[in-house]
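Note sheet for the following structure.
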Amino acid sequence: MIIVLLYLLVPVSRWPGATALLPRGSSQSAIVAFEIAYQWGAVVLVCAGLFANKLRFRDLIGKLWATGEEALRDISLGLLFWLLAIGLSLLTYLILGSSYNHLSRVLPRTLADLALFIPFALTAGFCEEVIFRGYLFKQFTWLTGSTDVALVIQAVIFSAAHGYDQTIAGVVNNFLFAIAFGVLANWRKSLLPSIIGHSWLDISVGIVGLIFP
């Protein structure tokens with residue numbers, strides 16, 4: 001778990017040889033490809049930890065859909081929490097201001113960029129839910145004996161992992177986001193609805209950023 005935390009909390013820009021991996025002025029496609037590899041690298045570390053403890057990846061995902069009704073319910077919940085996340089973003093913007101000091105380099109500027117951005121958004125939605133609402137939440141629940149404490153800790157780590165290029169508003173927004181999606185995942189005993197909501201939120205951010213640059 002410590003290795004996963006260090007991997008997540010140290011920005012790529014602080015890694016030794018970071019400029020060689022992703023030099024200044026890199027293309028949007030190179031940046032997106034690197035970010036996708038970074039996300040999946042963290043999931044590989046999680047899988048290594050599970051394997052070492054003879055656990056299944058399936059245990060992180062939780063309850064799967066057995067019927068169409070269950071699928072429709074989780075999809076609806078994912079979209080509902082997508083709307084909640086938008087509301088939280090608007091609230092923090094009105095109270096604390098912008099979440100970013102500058103626009104992210106992964107945001108699309110053309111339709112071609114958007115075609116590259118969508119796989120990145122899907123990757124982030126899946127990988128971050130597996131890592132934070134899955135692996136870290138279960139680890140901290142086991143360590144503390146409390147789902148409430150684990151919920152807060154994973155939210156703190158989630159906001160810290162995103163905080164190096166964001167303002168205080170962004171950190172607060174990510175903390176509230178992580179709490180909301182952690183509640184959803186714990187309530188449903190499954191990461192599927194939170195993966196859906198998270199993925200669609202990231203995709204919609206890319207679409208909005210393209211329409212309103």
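Quick caveat, the model's predicted, so the values are computed rather than measured.
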Kindly indicate whether the side chain of L210, heavy atoms from C-beta on, has any atom under 4.5 Å from the side chain of F117. no

Whether K189 side chain and N186 backbone form a donor-acceptor pair below 3.5 Å: yes

What is the minimum heavy-atom distance between S199 and G125, and which atoms define it? OG-CA, 3.4 Å

Quick one: do the E129 and S194 side chains pair a donor with an acceptor below 3.5 Å? yes

Mind checking whether V44 and I61 sit in one hydrophobic cluster, side chains of I, L, V, M, F, W, Y counted as touching below 4.5 Å? no

Distance check, rounded to the nearest 0.5 Å: F132 atom CZ versus C127 atom SG? 10.5 Å

Which distance, rounded to the nearest 0.5 Å, do you find between the CD1 of I131 and the CZ of R133? 9.5 Å

Drop me the distance from L201's CG to I196's CD1, to the nearest 0.5 angstrom. 13.5 Å

Compare all side-chain heavy atoms of L122 with those of I203 and state whether any distance is below 4.5 angstrom. yes

What is the ring orientation for H162 with F158, classed by angle as parallel under 30°, tilted 30 to 60°, or perpendicular over 60°? tilted

Do L88 and T92 have side chains that get closer than 4.5 Å, going by heavy atoms? no

Under a single-linkage definition using a 4.5 Å side-chain heavy-atom cutoff for Ile, Leu, Val, Met, Phe, Trp and Tyr, are V171 and F181 assigned to the same hydrophobic cluster? no

When every non-hydrogen atom of P108 is compared with those of G206, the smallest separation belongs to CG-O, 3.4 Å

Within this structure, what is the CZ-CG distance for the pair F137 and L60, rounded to the nearest 0.5 Å? 12.0 Å

Is the shortest side-chain heavy-atom distance between D74 and E70 below 4.5 Å? no

With heavy-atom distances below 4.5 Å as the criterion, would you say the side chains of Y135 and V130 are in contact? no

Any non-hydrogen side-chain atom of W65 less than 4.5 Å from a side-chain atom of I75? yes

Closest contact, heavy atoms only, T144 versus A150: OG1-N, 4.3 Å

Hey, does L184 have a side-chain heavy atom less than 4.5 Å from the side chain of L84? no

Value rounded to 0.5 Å, distance of CZ in F51 from CG in N53: 11.0 Å

Heavy atoms of L77 and P193 approach each other most closely as CB-CB, 4.4 Å

Using the ring centroid of each side chain, check whether F177 and H198 are separated by less than 6.0 Å. yes

Do V43 and W40 have side chains that approach each other closer than 4.5 Å (heavy atoms only, starting at C-beta)? yes

Does one hydrophobic cluster hold both L176 and L94, with members joined at side-chain heavy-atom distances below 4.5 Å? no

Going only through I, L, V, M, F, W and Y residues with side-chain contacts under 4.5 Å, is there a path from V208 to W200? yes

Looking only at heavy atoms, what is the nearest atom pair of P119 and I36, with distance? C-CD1, 4.2 Å

Parallel, tilted or perpendicular: which fits the ring planes of F126 and F57, with parallel below 30° and perpendicular above 60°? tilted

Are more than 12 heavy atoms, taken from residues, nucleotides or ligands other than L64, located less than 6.0 Å from that residue's CG atom? yes

How close do L192 and K63 get, counting heavy atoms only, and between which atoms? CD1-O, 3.7 Å

Looking at CG of L90 and CD1 of I95, how far apart are the two atoms once the value is rounded to the nearest 0.5 Å? 11.0 Å

When clusters are formed by joining ILVMFWY residues with side-chain heavy atoms under 4.5 Å apart, either directly or through shared neighbours, do L72 and L191 land in the same one? no

Under 3.5 Å donor-acceptor, Q154 side chain and L151 backbone: yes

